[in-house]
Novice: 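Sharing a structure below in C-alpha cells format, with a few things to ask.
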Amino acid sequence: MGKSDYREESGLADRVLDPNKLIGRYQIASLLRPALFLILACSMVSPGFAADAEPAEYSGKGADTCLKCHDEDNEYPVLPVFRTGHGERNDSRSPMAILQCETCHGPAGNHTEKVKQGEIRAPIRAFGSGAWTPVTEQNAICLKCHNDTNRINWHGGIHETESVACADCHQTHARRDPMLTARNQVEKCNQCHLKQKAEFYRRSSHPLRFDKMRCSDCHNAHGSFGDKLIRTATKNELCNQCHAEKRGPVLWPHAPVLEDCTLCHNSHGSVNNALLNKRPPFLCQQCHNNAGHPSPLYSGDGLPGGSVPSQRKFLLARSCLNCHSQVHGSNHPSGVKLLR
Ligand code: HEC
Ligand code: HEC
Ligand code: HEC
Ligand code: HEC
Ligand code: HEC
Ligand code: HEC
Ligand code: HEC
Ligand code: HEC
Ligand code: HEC
Ligand code: HEC
C-alpha cells in the first residue's frame, strides 16, 4: 500500500501534508465526510480488520497533537520514533510523511480530545499480543509497507499461526530495534524460547551468549521455505554456509553426513563435545551395531581398573574416533573405513 492509498483510505486525498512541518494542519473537509465514512465502512469488512471495532475517524491531526500528551515525561516515551526510519518526514515511504502517528495507530477519532471527569477516552489502536487490537489487524498494518521478499513466507509461518505480533519482536519507539543487534535479539527470542535458551548455555554451543552469533544467522523468524523456520531449504545447506570444509564432495563420504548434520549434532548446544547429540561410542552405535569388529555393550568394565581392558580403545579418549578419525568423510585413497 502506497502513500496515496493511505490518503484515500483516510479521506485526506486532497490534502498534502507538508513533510517539513510536523504540524498537520489539515482538517477533514466536511464535503469528504460521507466518502470517508463509506471507505472506512468497507475497510471494516476487509480481512485483517476487526469487524467489531468502533469506526473511529482519522482525526487528521499531526504528531504534534499527539505529543501534547505523549511526550518524554510520559510513562511511555514515544519520541525515539523520530530517530528511526519511521520518523523520517522527508522520506515519502515513511509513516511520518503520510498520516504521521495515525498511519500506524489508525483513526484516532476523538481520542485526542480532552475528556471530562468520568468520561472514557476513545480507544486507539495499540500493538503487541497483549494489546486490545487483534493481532491480525496490527500485523496487516506493518505488512502494508513491509510485504517484501524477507516476509514472503509470513503467512502460514509458525509465528503467524501462533498469533505472534510483529510488535512482540520489534520495537518501534526505540532508537535501535532490538531485532537488529545480536544481544538484544537473542534476549528477546529467548523470552519465549526457554528451552533453546538453556541449550545455548550448555558446555558446547554456538557462541550466541558471547554476542558472536544471533538466532537470525540460522532462522528467518518471518517464515521460511525450510522446516523450523530455517533460512535455507535444507539443514545441511545451512551448516555448510559456515562450515564449508564439511561440504565435500570427498572420495569416501560418510552417508549420514551427506544426509543431515543434526543426526549427530544439536544445532544449538550440547553437554558433549562438539555439539554432539550423544557421546561416542553410543553416538556411533545408534547405527552401527554389528561392525566388522566386536561391538559389545560397553560398560564400566572397559575402563582402567575394569575387567575388560580390550574395550579401552573403544571407550577412552575419542572412542571410535581413536581409529575412525575421518568421521565426516575421507579423501585418502584407502580411507574407505574412515580411518585416515
Ligand atoms: C489529550 C491527551 C491525549 C492526546 C492528544 C492523545 N492521547 Fe493517546 N492517550 C492519552 C491517555 C491519557 C492515554 C492512556 C490511556 C487512557 O487512559 O485511555 C492514551 C493512550 C494512548 C495509547 C495506548 C492505547 C492502549 O489501548 O493501550 C496510544 C497508542 C495512544 N494513546 C496514541 C495516541 C496518538 C497516536 C495520538 C495522536 C493521534 C494520541 N494518542 C493523542 C491521551 C492523549
Ligand atoms: C507507511 C509505511 C510503514 C509502516 C506502516 C511501517 N513501516 Fe516499518 N519502515 C518503513 C520505512 C520507510 C522504513 C525505513 C526503511 C529504510 O530505511 O530503508 C521502515 C523500517 C522498519 C524496520 C527497520 C528498522 C531499522 O532500524 O532499520 C523495521 C524493523 C520495521 N520498519 C518494522 C515495522 C513494524 C513492526 C511495523 C508495524 C508496527 C512497521 N514497520 C510499519 C515504513 C513503514
Ligand atoms: C519472532 C520475531 C519476529 C517477528 C514476529 C517479526 N520479526 Fe521482523 N525481524 C525479526 C528479526 C530477527 C529481524 C532481523 C533479521 C532478519 O532480517 O531476518 C527482523 C527484521 C525485520 C525488518 C528489517 C529487515 C528487513 O527485512 O527489511 C523488517 C522491516 C521487519 N522485520 C518487519 C516485520 C514485520 C512487518 C513483522 C510482522 C508481520 C515482523 N517483522 C515480525 C524478527 C521478527
Ligand atoms: C511504525 C508504526 C508506528 C508509528 C509511526 C507510531 N507508533 Fe506508536 N507504537 C507502535 C508500536 C508497534 C507500539 C508498541 C510498542 C513498541 O513497539 O514500541 C507503539 C506504542 C505506542 C504507545 C504506547 C502504547 C501502550 O500500549 O502503552 C504510544 C502512547 C504511542 N505508540 C504513541 C505514538 C505517537 C504519539 C506516535 C507519533 C509521534 C506514534 N506512536 C507513532 C507503532 C507506531
Ligand atoms: C512472543 C513470543 C515469541 C517470540 C518473541 C519468539 N517466538 Fe518463536 N515461537 C513462538 C511460538 C508460540 C512458537 C510455536 C510453539 C513452539 O514451537 O514453541 C514459536 C516457534 C518457533 C520456532 C519453531 C518452528 C517450528 O516449526 O517448530 C522457531 C525456530 C522460532 N520460533 C524461532 C524464533 C526466533 C529466532 C525468535 C527471535 C527472532 C523467536 N522465535 C521469537 C513464540 C515466540
Ligand atoms: C547454528 C544455527 C542455529 C542457530 C544460531 C539457532 N538455531 Fe534454532 N534451530 C536450528 C536448526 C538446524 C533447527 C532444527 C533442529 C532439528 O531439526 O533437529 C533449529 C530448531 C529450533 C527450534 C525448534 C525446536 C527445536 O529445538 O528443534 C526453535 C524453537 C529454535 N530453533 C529457536 C532458536 C532460537 C530462539 C535461537 C536463538 C537464541 C536459535 N534457534 C538459534 C539452527 C539454529
Ligand atoms: C552463521 C555461521 C554458522 C552456521 C550457519 C553454523 N555454524 Fe557451527 N559454528 C559457527 C561458529 C562461529 C562456531 C564456533 C567456532 C569456535 O568456537 O571456534 C561454530 C561451531 C560449531 C561446532 C563446534 C565446533 C567445536 O569444535 O566445538 C559444531 C559441531 C558446529 N558448529 C556444527 C554446526 C552445524 C551442525 C550447523 C548447522 C545446523 C552449523 N554449525 C551452522 C558458525 C556457524
Ligand atoms: C556421523 C555423525 C556426524 C555427522 C552426521 C556430522 N558430524 Fe560433525 N562431528 C562428528 C563428531 C564425532 C565430531 C567430533 C570430532 C572430533 O572429536 O574430532 C564432529 C565434529 C564437528 C565439528 C568440529 C570439529 C571439526 O572437525 O571441525 C564441526 C564444525 C562439525 N562436526 C560440523 C559438521 C557438519 C557441518 C555436518 C554436516 C555437513 C556434520 N558435522 C555432520 C560427527 C558427525
Ligand atoms: C545416523 C546413522 C549413523 C551414525 C550415527 C554413524 N554412522 Fe557410520 N555409517 C552410517 C551409514 C548408513 C554408513 C554407510 C554404510 C554402508 O555403506 O554400508 C556408514 C558407514 C561407516 C563406516 C564405513 C563402513 C564401510 O563399510 O565402509 C565407518 C567406519 C563408520 N560409518 C563409522 C562411524 C563412526 C565411527 C560413527 C560415530 C562417530 C558413525 N559411523 C556414526 C550411518 C551412521
Ligand atoms: C582400534 C581401532 C578401532 C576402533 C577403536 C574402532 N574401530 Fe571400527 N574398524 C577398525 C578397523 C581397522 C576397521 C577395518 C576392518 C576391515 O577392514 O576389515 C574397522 C571397521 C569398521 C566398520 C566397517 C565394518 C566392516 O564390516 O567393514 C565400521 C562400521 C566400524 N569399524 C565402526 C566402528 C565403531 C562404531 C566403533 C566404536 C564403537 C569403532 N569402529 C571403533 C578399527 C577400529
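For ligands, and for the atoms within them, numbers begin at 1 and follow the listed sequence. In this text the structure is predicted, and so the values were computed from the model without any measurement.
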Novice: Test of understanding: with salt bridge (charged side-chain N to carboxylate O under 4.0 Å, His left out), list the residues that count as partners of D71, not counting sequence neighbours.
Specialist: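 Partners of D71 by the salt bridge (charged side-chain N to carboxylate O under 4.0 Å, His left out) criterion come out as none, since no residue qualifies.
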Novice: Give the numbers and elements of all ligand 10 atoms closer than 4.0 Å to a heavy atom of P281.
Specialist: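 Atoms satisfying the 4.0 Å criterion: 38 (C).
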Novice: Which of the numbered atoms in ligand 10 are below 4.0 angstrom from a heavy atom of H288?
Specialist: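 Every atom of ligand 10 under 4.0 Å from some heavy atom of H288: 29 (C), 35 (C).
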Novice: Which atoms from ligand 1 have a heavy atom of T65 less than 4.0 Å away?
Specialist: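 Those atoms are 5 (C).
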Novice: Using a plain distance cutoff, I'd like to know if S319 has any nitrogen or oxygen under 3.5 Å from a nitrogen or oxygen of ligand 10.
Specialist: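 Between S319 and ligand 10 (N or O atoms, distance only) the closest approach is not under 3.5 Å.
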Novice: Does R214 come within less than 4.0 Å of ligand 6, judged by its heavy atoms?
Specialist: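 Judged by the 4.0 Å heavy-atom criterion, R214 does count as contacting ligand 6.
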Novice: Quick one about S59 and E102 (side-chain donor to acceptor, distance below 3.5 Å, no hydrogens or angles considered), yes or no?
Specialist: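 Looking only at side-chain atoms, S59 and E102 do form a donor-acceptor pair, the distance falling under 3.5 Å.
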Novice: Under 4.0 Å from a heavy atom of H105: which atoms of ligand 1 are those, numbered in the order shown and with their elements?
Specialist: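 Under 4.0 Å from H105, ligand 1 has these atoms: 29 (C), 35 (C).
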Novice: Which ligand 6 atoms does C189 reach within 4.0 Å, using its non-hydrogen atoms?
Specialist: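 Contacts of ligand 6 toward C189, numbered from 1: 35 (C).
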Novice: Atom 36 (C) of ligand 6: which protein heavy atom is closest, and how many Å away?
Specialist: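 Protein heavy atom with the smallest distance to atom 36 (C) of ligand 6: C215 SG, 2.9 Å.
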Novice: Quick one: which ligand 10 atoms are inside 4.0 Å of a heavy atom on C284?
Specialist: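 Close to C284: 35 (C).
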Novice: Taking a cutoff of less than 4.0 Å between a non-hydrogen atom of the residue and any ligand atom, is K195 in contact with ligand 6?
Specialist: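 For ligand 6, residue contact (heavy atoms, under 4.0 Å) with K195 is present.
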Novice: Which protein heavy atom lies closest to atom 24 (C) of ligand 6, and at what distance to 0.1 Å?
Specialist: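 Nearest protein contact, heavy atoms only, for atom 24 (C) of ligand 6 is Q196 NE2, 3.5 Å.
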Novice: Show which atoms of ligand 10 fall inside a sub-4.0 Å distance from at least one heavy-atom site of C323.
Specialist: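 The atoms of ligand 10 under 4.0 Å from a heavy atom of C323 are 1 (C), 2 (C), 3 (C), 4 (C), 5 (C), 42 (C), 43 (C).
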Novice: Give the numbers and elements of all ligand 1 atoms closer than 4.0 Å to a heavy atom of C101.
Specialist: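 What qualifies from ligand 1 is 35 (C).
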Novice: Please collect all ring-ring contact (aromatic ring centres under 6.0 Å, His included) contacts where either partner lies in residues 144-179, sequence neighbours excluded, each pair once.
Specialist: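 Those involving residues 144-179 are Y76-H173.
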Novice: What protein heavy atom sits nearest atom 13 (C) of ligand 6, and how far away is it?
Specialist: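 The protein heavy atom lying closest is S267 OG, 3.9 Å.
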Novice: Which atoms of ligand 1 sit under 4.0 Å from any heavy atom of W132?
Specialist: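 Answer, ordered by atom number: 26 (O).
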Novice: Near atom 8 (Fe) of ligand 1, which protein N/O/S atoms are found at less than 2.8 Å?
Specialist: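 The answer, once waters are left aside, is H70 NE2, H111 NE2.
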Novice: So, are E113 and K61 salt-bridged, with charged N and O less than 4.0 Å apart?
Specialist: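 Salt bridge: yes.
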Novice: In ligand 6, which numbered atoms sit nearer than 4.0 Å to a non-hydrogen atom of H206?
Specialist: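 Counting atoms of ligand 6 from 1, those under 4.0 Å from H206 are 1 (C).
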Novice: Within ligand 1, which atoms have a heavy atom of A126 less than 4.0 Å away?
Specialist: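 Selected atoms, number and element: 25 (C), 26 (O), 27 (O).
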Novice: Check salt bridge (charged side-chain N to carboxylate O under 4.0 Å, His left out) between R209 and all other residues, then give those that pass, not counting sequence neighbours.
Specialist: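 Here no residue qualifies.
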Novice: So is N190 touching ligand 6 or not, going by heavy atoms under 4.0 Å?
Specialist: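 Judged by the 4.0 Å heavy-atom criterion, N190 does count as contacting ligand 6.
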Novice: Measure from atom 30 (C) of ligand 6 to every heavy atom in H193, K228, H268 and give the option owning the shortest one.
Specialist: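 Comparing heavy atoms across H193, K228, H268, the nearest one to atom 30 (C) of ligand 6 lies in H268.
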Novice: Just do the side chain to side chain contact (heavy atoms under 4.5 Å, CB included) check on N272 and N277 with the steps written out, would you?
Specialist: CA-CA 7 Å; N272 305 311; N277 292 328; 5.9 Å; no
Novice: Within 2.8 Å of atom 8 (Fe) of ligand 10, is there any N, O or S atom belonging to H324?
Specialist: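 A backbone or side-chain N, O or S atom of H324 is under 2.8 Å from atom 8 (Fe) of ligand 10.
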Novice: Looking at R125, which atoms of ligand 1 are within less than 4.0 Å of one of its heavy atoms?
Specialist: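 Answer, ordered by atom number: 29 (C).
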Novice: Would you please say whether a donor-acceptor pair under 3.5 Å links the side chains of S334 and H332?
Specialist: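 Side-chain D/A pair, S334 to H332: present.
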Novice: Exactly one of K195, K197, Q196 should register a side chain to side chain donor-acceptor pair (under 3.5 Å) with E199. Which one does?
Specialist: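 It is K195; the other options fail the test.
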